[in-house]
Amino acid sequence: MMEPIKRIKGTDDILPPESATWQYVADTIRRVMSLYNYREIITPIFEYTELFARSIGASTDIVSKEMYTFLDMGERSLTLRPEGTASVVRAYVEHSLSVKFPIAKLYYIGPMFRQEKPQKGRKRQFNQFGIEILGTDSPYADVEGIILNLRVLKELGITDTHLMINSIGDPNCRQGYRRALKEYLQPRLEKLCSDCQLRYHNNPLRVFDCKKQSCQAQLEDAPVMSDYLCDDCRKHFDKVLHILDKLDIEFSINERLVRGLDYYTKTVYEITSTALGSQNSLSGGGRYDILVEELGGKPTPAFGFAAGIERIIMAMEQSEGYETPKPQLDYFIALTNDEILTTAMEFAERLRDKGNSVNIDFRGKSLKSQMKQADKLGAKRVVIIGDDEFSKGVYLLRDMETGEQTEIPLSIIPNTDK
RNA sequence: GUGGGUGUAGCUCAGUUGGUUAGAGCACUAGGUUGUGGCCCUGGGGGCCGUGGGUUCGAGUCCCAUCACCCACCCCA
């Protein structure tokens, strides 16, 4: 026996019937996107490594240790995308989309790759969907993104969500805050864990993300970003909060919410669910007003979010009233003799011409076994063509719900309407 | 990278202080109904008990190693 080859660690095969859930989620996402008139953008799943280093930030965990990076035959460094925004912005700049779309409202959906140790809610290949609104700095854009995000979750039946929001300012006012935070932390450096001591140097804001009690204790009286926001950032944040209030959106301000990607400015937010375990973030995003410029485009303010589809499905499965999708089939064709197969195939094609889903078992099994099959496949009706019927030029149409059976000439295709 | 947990049939899991041919439910399959699904009944097929080594008269069970998966830290969606 040959040794079977197994799937790569951290990847998943999505099998029927679970794949139907996945399709349902994708359909719902696309439907909601169209409600807000967002249009799909499909970019390659690999890019030059440089793109991610420049956008996400070379010192971030994602770029410094989680990317699948390799050299192609021309010795160019390529990377499987770890997130979606960088590619969208790259395409936006590359195709000068700002000309055609003064405000570009785009969405994407597809697989992302990060080489992390897998655990609940964290795979090495996982799927995200997300949006990008490019070309406006309006706080209304932030809110539209957030409510679109919430609507997708709501329409999927996920209710136990929590929206947290914060502003991390622009590069200028954040600089002032960084300085103040470092001043505050410096005398306490000894009491922080080794990870946080590193963060102190690389990105002191991330100390807030530390889950260690001892580190959190040191942060109790730490300065908060909101005291350091410049007028423009302050106004923007207040406006976002105000609109959310007006729209009756529940949220909480989390002064310590910091994102792990370097490109964010002003608004950042995260939606969590208690159904998930340790990796409880369903989606997150924010404003990134300097990224387009950093990727070689004209200065263009923008907002976006990304959401994890596997995590969304986990949350769905745990929400009340969730049922696994049942198999659907309009017709099953059962026959008692291989000689009838050709006729049955023709008949099936004519049913399909009318838009019916049709299945035939080619194995020559007993009628009983075929009926069982039909039942298991969720067939609404079964067309039975036995030897007797075949010689008479008729078939039996059986309604699987009621058990009623009628004899009909083979020349007549059943009506599709119920 | 660091912890902890789990590996027995396709799936979910039993398996007594080590003791004959390793079990159940679901799924699959054949029949009960010689041409008809769901419910019920009866039979059948399926296991290098993760892998390698050790202890023992004897190992699914004890010991060591190894691999895989899961969960947590870390990080993020």
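None of the values given here were measured: they were computed from a predicted structure. Residue numbers start from 1 in every chain, and the chains themselves are labelled A, B, ... in the order their sequence lines are given, proteins ahead of strands.
- Heavy atoms of other residues, nucleotides or ligands lying less than 6.0 angstrom from CZ of A/Arg39 number 12 at most.
- Residue A/Thr336 is classed as having no contact, given no heavy-atom separation below 4.0 Å to the nucleic acid.
- Side-chain N/O atoms of A/Ser278 include none lying less than 4.0 angstrom from OP1 or OP2 on B/rC71.
- Going from the P atom of B/rC64 to that of B/rC39 covers 48 Å, rounded to whole Å.
- In the set B/rC70, B/rA77, B/rA68, the nucleotide with an atom closest to the side chain of A/Ser283 is B/rA77.
- Applying the 4.0 Å criterion to OP1 and OP2 of B/rC74, one finds that A/Lys65 has every side-chain N and O outside that range.
- Between the P atoms of B/rU56 and B/rG45, the separation comes to 38 Å (whole Å).
- For B/rU36, the base has no donor-acceptor partner in the side chain of A/Gln370 [N/O atoms by modelled type, under 3.5 angstrom].
- Distance, A/Leu367 CG to B/rG31 C1': 15 Å, rounded to whole Å.
- In this structure B/rU66 sits in a base pair with B/rG50, meeting the Watson-Crick or G-U test at under 3.5 Å.
- The side chain of A/Lys9 places an N or O atom within less than 4.0 Å of a non-bridging phosphate oxygen (OP1 or OP2) of B/rC69.
- Of the candidate nucleotides B/rU2, B/rA77, B/rU36, B/rU36 has the atom nearest to the side chain of A/Ile384.
- For B/rU34, the base has no donor-acceptor partner in the side chain of A/Lys368 [N/O atoms by modelled type, under 3.5 angstrom].
- Nearest nucleotide to the A/Phe126 side chain, out of B/rU36, B/rA27, B/rA77: B/rA77.
- Here the nucleotide nearest the side chain of A/Arg122, chosen from B/rG38, B/rG35, B/rC73, is B/rC73.
- Nearest nucleotide to the side chain of A/Ser369, out of B/rG37, B/rA30, B/rA72: B/rA30.
- Checked against B/rA72, B/rG31, B/rA77, the side chain of A/Gln128 finds its nearest nucleotide in B/rA77.
- The A/Glu389 side chain lies nearest to B/rG35 when the options are B/rA77, B/rG35, B/rC74.
- Spacing between atom CG of A/Asn280 and atom C1' of B/rC74 amounts to 15 Å, rounded to whole angstrom units.
- For A/Glu116, the listed nucleotide lying nearest its side chain is B/rA77; candidates were B/rA77, B/rC74, B/rU36.
- A sub-4.0 Å separation between OP1 or OP2 of B/rC73 and a side-chain N or O of A/Gln119 is present.
- Taking atom C1' on both B/rA14 and B/rG58, the two are 23 Å apart, rounded to the nearest angstrom.
- For the C1' atoms, the distance from B/rG31 to B/rC70 is 42 Å, rounded to whole Å.
- Among the nucleotides B/rU2, B/rG38, B/rA27, the one closest to the side chain of A/Asp375 is B/rG38.
- The shortest distance between the side-chain N/O atoms of A/Lys365 and the OP1/OP2 oxygens of B/rA30 is below 4.0 Å.
- In this structure, A/Glu18 atom CD and B/rG10 atom C1' are separated by 14 Å, rounded to whole Å.
- Of the N and O atoms on the side chains of A/Glu255 and A/Ser226, at least one donor lies less than 3.5 Å from an acceptor on the other residue.
- Between the CD atom of A/Glu407 and the P atom of B/rU36 there is a distance of 17 Å, given to the nearest Å.
- Searching all strands for a Watson-Crick or G-U wobble partner of B/rU34 with both distances below 3.5 Å returns nothing.
- Judged purely by distance below 3.5 Å, without hydrogens or angles, the side chains of A/Glu132 and A/Tyr92 never pair a donor atom with an acceptor atom.
- Between B/rG19 and B/rC73, the two P atoms lie 40 Å apart (nearest whole Å).
- At a threshold of 4.0 angstrom between heavy atoms, the contacts of A/Asp388 include nucleobase atoms, whether or not backbone atoms are also involved.
- On the P atoms, B/rU66 is 25 Å away from B/rA72, given to the nearest whole Å.
- Only the C1' atoms considered, B/rU8 is 15 Å distant from B/rG25, to the nearest whole Å.
- The local environment of OH in A/Tyr140 is sparse, with at most 12 non-hydrogen atoms from other residues, nucleotides or ligands closer than 6.0 Å.
- For A/His162 and A/Ser252, the side-chain atoms include at least one donor-acceptor pair closer than 3.5 Å.
- Between the CZ atom of A/Arg363 and the P atom of B/rC28 there is a distance of 10 Å, given to the nearest Å.
- Here, B/rC26 and B/rC67 have their P atoms 39 Å apart, quoted to the whole Å.
- Residue-level contact check: A/Ala374 touches neither bases nor backbone, having no heavy atom under 4.0 Å from any strand.
- A/Tyr228 and A/Tyr177 have tilted rings, their planes meeting at an angle from 30° to 60° on a 0 to 90° scale.
- Between A/Asp142 and A/Lys239, the closest side-chain pair of non-hydrogen atoms is not below 4.5 Å.
- Taking atom CE of residue A/Met371 and atom P of nucleotide B/rG38, one finds them 9 Å apart after rounding to whole Å.
- For the pair A/Lys6 NZ and B/rU51 P, the computed distance is 11 Å after rounding to whole Å.
- Rounded to whole Å, atom C1' of B/rU36 lies 15 Å from atom CD1 of A/Ile385.
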